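Taking it in order: structure first as structure tokens, then the write-up.
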2 protein chains.
Amino acid sequence: MHGPDASNLLERLDALTQAALLQGFHQRQLVEGELLGSPNGERDSVFIVRSGRIRVFLAFEDKEYTLTFLEAGGIYSTHSQAYVQAVRPSEVLMGDTVQTMATLRSLPSAVPAIIRVLGATLDNCMRIIEDLAFRDVEGRLARFLDGMLARKGRPHQGSLRLELDLNTEDIAQLLGTTRQTVSSLLNRMAREGILSRAGNGVFDIHDAERLRARSQ
Amino acid sequence: MHGPDASNLLERLDALTQAALLQGFHQRQLVEGELLGSPNGERDSVFIVRSGRIRVFLAFEDKEYTLTFLEAGGIYSTHSQAYVQAVRPSEVLMGDTVQTMATLRSLPSAVPAIIRVLGATLDNCMRIIEDLAFRDVEGRLARFLDGMLARKGRPHQGSLRLELDLNTEDIAQLLGTTRQTVSSLLNRMAREGILSRAGNGVFDIHDAERLRARSQ
DNA sequence: GGCAAGCTGTCTGCTGGCTGACAGACAGCC
DNA sequence: GGCTGTCTGTCAGCCAGCAGACAGCTTGCC
């Protein structure tokens with residue numbers, strides 16, 4: 001989410017490699033709000049999302065910045081300074097990082113896929129830095145919507161419908177700003193005819209052209 | 001630079017593995033200001049810095065944000081949306097990414113090192129995001145100085161001397177702010193007795209305690 | 001029905017930091 | 001000496017966006 005998805009690791013591997021890699025992984029059910037990992041967490045794990053929705057975020061004092069939402073197929077690691085939390089009931093496959101590294105030694109065919117996943121995560125981070133360092137909130141919002149449009153937009157009555165299932169606060173945390181600012185920007189764009197809101201978390205984009213122009 | 005260094009890849013490998021990995025790499029001399037890579041550059045390369053100083057930065061319109069400076073031992077890739085530029089005459093060992101990936105398949109012992117390097121780069125990116133999303137410029141500056149202190153500080157007449165070889169503008173670009181703001185913050189810290197400036201790019205930190213407190 | 005919880009919209013005041021402009025200090029060079 | 005280029009310090013003006021407060025709307029529950 002928020003840009004091209006962290007690539008689906010499993011799709012890129014043949015069945016045998018897949019099975020070998022996932023040896024030692026165990027399935028885990030998460031309830032809504034459950035923390036999978038936090039900075040300085042005891043144990044390093046890698047995990048793959050089977051279902052549900054996982055939020056990866058940074059926190060400092062009482063602010064939070066969402067790095068990404070993971071859905072089915074998403075892969076991440078609980079090391080790093082990020083918090084990892086299920087925002088709804090979810091299922092994940094978890095494995096120990098150290099053990100997975102060891103498995104990799106005897107599974108060279110999986111290496112390029114792994115490196116590509118890491119590379120995609122890195123790209124995502126760089127995009128975020130670019131956003132935070134250079135763009136104002138309106139630019140970030142436009143870029144976010146434009147990116148989601150490419151991934152999730154569906155034609156609907158002459159416009160493009162975007163069902164994000166995110167509320168204003170969620171979007172604000174993805175952009176590193178406040179709910180109030182997102183709210184007023186979205187309404188300004190609505191007034192300008194760029195989009196309209198068709199219920200909570202549902203947007204109809206009427207002028208993708210102008211949206212993209214704003215994301216530069 | 002700017003936090004723990006992107007780990008020195010070569011140190012972590014035995015001589016044989018090293019030689020195998022660097023097969024096909026070629027040495028290249030860079031003059032000051034030379035661009036090694038830019039977003040949408042034709043060819044993907046990996047490179048290792050032998051000497052000199054390389055700046056990795058993002059650019060947008062007329063602003064630039066420096067992600068890191070690489071010195072001897074540093075490793076990076078020219079893929080990604082970053083620009084890579086020699087800020088002084090430098091020597092690098094360059095290799096083709098695709099070919100290096102292929103080499104890796106038959107060199108499983110190098111995989112953990114590679115993954116660790118990628119992981120360190122990712123950690124650095126996350127630290128930057130944390131800074132940009134949560135901290136004001138003074139906090140970022142304090143954190144930057146504190147980090148450099150740990151890596152480059154040398155006792156000097158009862159204080160800790162920091163020879164950064166960076167001017168105010170360079171620091172501003174590392175922090176995502178302007179030269180003027182950095183200048184006034186440094187002078188405020190000097191007035192408060194936290195540090196003093198002993199020439200361009202040289203700082204004496206008198207109160208590391210209070211510096212750290214400001215970086216939270 | 002009433003009540004609470006969650007989501008949204010809007011207003012107001014305040015401020016961190018950007019921008020542009022200018023001046024002083026210093027080094028190297030002709 | 002004067003000239004140029006590089007680096008630094010400082011000031012005034014301005015504004016994007018934060019923070020707090022409040023109101024309206026829905027939904028679900030007792």
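Quick note: numbers below take in every heavy atom, side chains included, and nothing from hydrogens, waters or symmetry partners. A note on names: the letters A, B, ... follow the listed sequences, proteins ahead of strands, and every chain is numbered from 1. Small disclaimer: the values here were computed from a predicted structure and weren't measured.
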Heteroatom pairs (N/O) under 3.5 angstrom, protein to nucleotides 9-13 of chain C:
from	atom 1	to	atom 2	distance (Å)
C:dG9	OP1	A:N187	OD1	3.1
C:dG9	OP1	A:R197	NH1	3.3
C:dG9	OP2	A:S183	OG	3.1
C:dG9	OP2	A:R197	NH1	2.8
C:dG9	O5'	A:N187	ND2	3.3
C:dG9	N7	A:R179	NH1	3.2
C:dG9	O6	A:R179	NH2	3.0
C:dT10	OP2	A:N187	ND2	3.4

TODO: Rounded to the nearest angstrom, tell me the gap between atom CG in B:L164 and atom P in D:dT8.
DONE: 12 Å
Open item on the list: Please verify the inter-ring angle class for B:Y83 with B:F57; under 30° counts as parallel, over 60° as perpendicular, anything in between as tilted.
Closed with: parallel
Open item on the list: Less than 4.0 angstrom from a charged side-chain N to a carboxylate O is my criterion; do B:R214 and B:E192 meet it?
Closed with: yes
TODO: Measure from the side-chain N and O atoms of B:R179 to the backbone N and O of B:A172, and report whether any donor-acceptor pair falls under 3.5 Å.
DONE: no
Task: Whole-Å gap separating P (C:dG16) and CD (B:E138) - done: 10 Å
Task: Whole-Å distance separating the CD atom of B:E169 from the P atom of C:dT19 - done: 11 Å
- [ ] Let me know the distance between CG of A:D170 and C1' of C:dT8, rounded to the nearest Å.
- [x] 13 Å
Task: Distance in angstrom units between B:R188 CZ and D:dT10 P, rounded - done: 12 Å
Open item on the list: Between A:K152 and A:D165, does any NZ, NE, NH1 or NH2 come within less than 4.0 Å of an OD or OE carboxylate oxygen?
Closed with: no
Task: Atom pair distance, as rounded to whole Å: CG in A:L132 and P in C:dC18 - done: 14 Å
Open item on the list: Taking the basic N atoms (NZ, or NE/NH1/NH2) and the acidic carboxylate oxygens, is any pair closer than 4.0 Å for B:R28 and B:E34?
Closed with: yes
- [ ] Ignoring backbone atoms, test whether A:T178 places a side-chain nitrogen or oxygen under 4.0 Å from the OP1 or OP2 oxygen of D:dA19.
- [x] no
Open item on the list: Output the rounded distance in Å from CG (B:D131) to P (C:dG17).
Closed with: 12 Å
Open item on the list: Rounded to whole Å, please give me the gap between CG in B:D136 and C1' in D:dA16.
Closed with: 16 Å
Task: Lys/Arg-Asp/Glu bridge criterion (N-O < 4.0 Å) met for B:R53, B:E71 - done: yes
TODO: Would you please confirm or rule out a distance under 4.0 Å between OP1 or OP2 of D:dC7 and any side-chain N or O of B:N200?
DONE: no
Open item on the list: For a quick check of understanding: with a heavy-atom distance under 4.0 Å over all strands, which category does B:G176 fall into, base, sugar-phosphate or nothing?
Closed with: sugar-phosphate
- [ ] Indicate yes or no: does A:R55 engage A:E64 in a salt bridge with an N to O separation below 4.0 Å.
- [x] yes
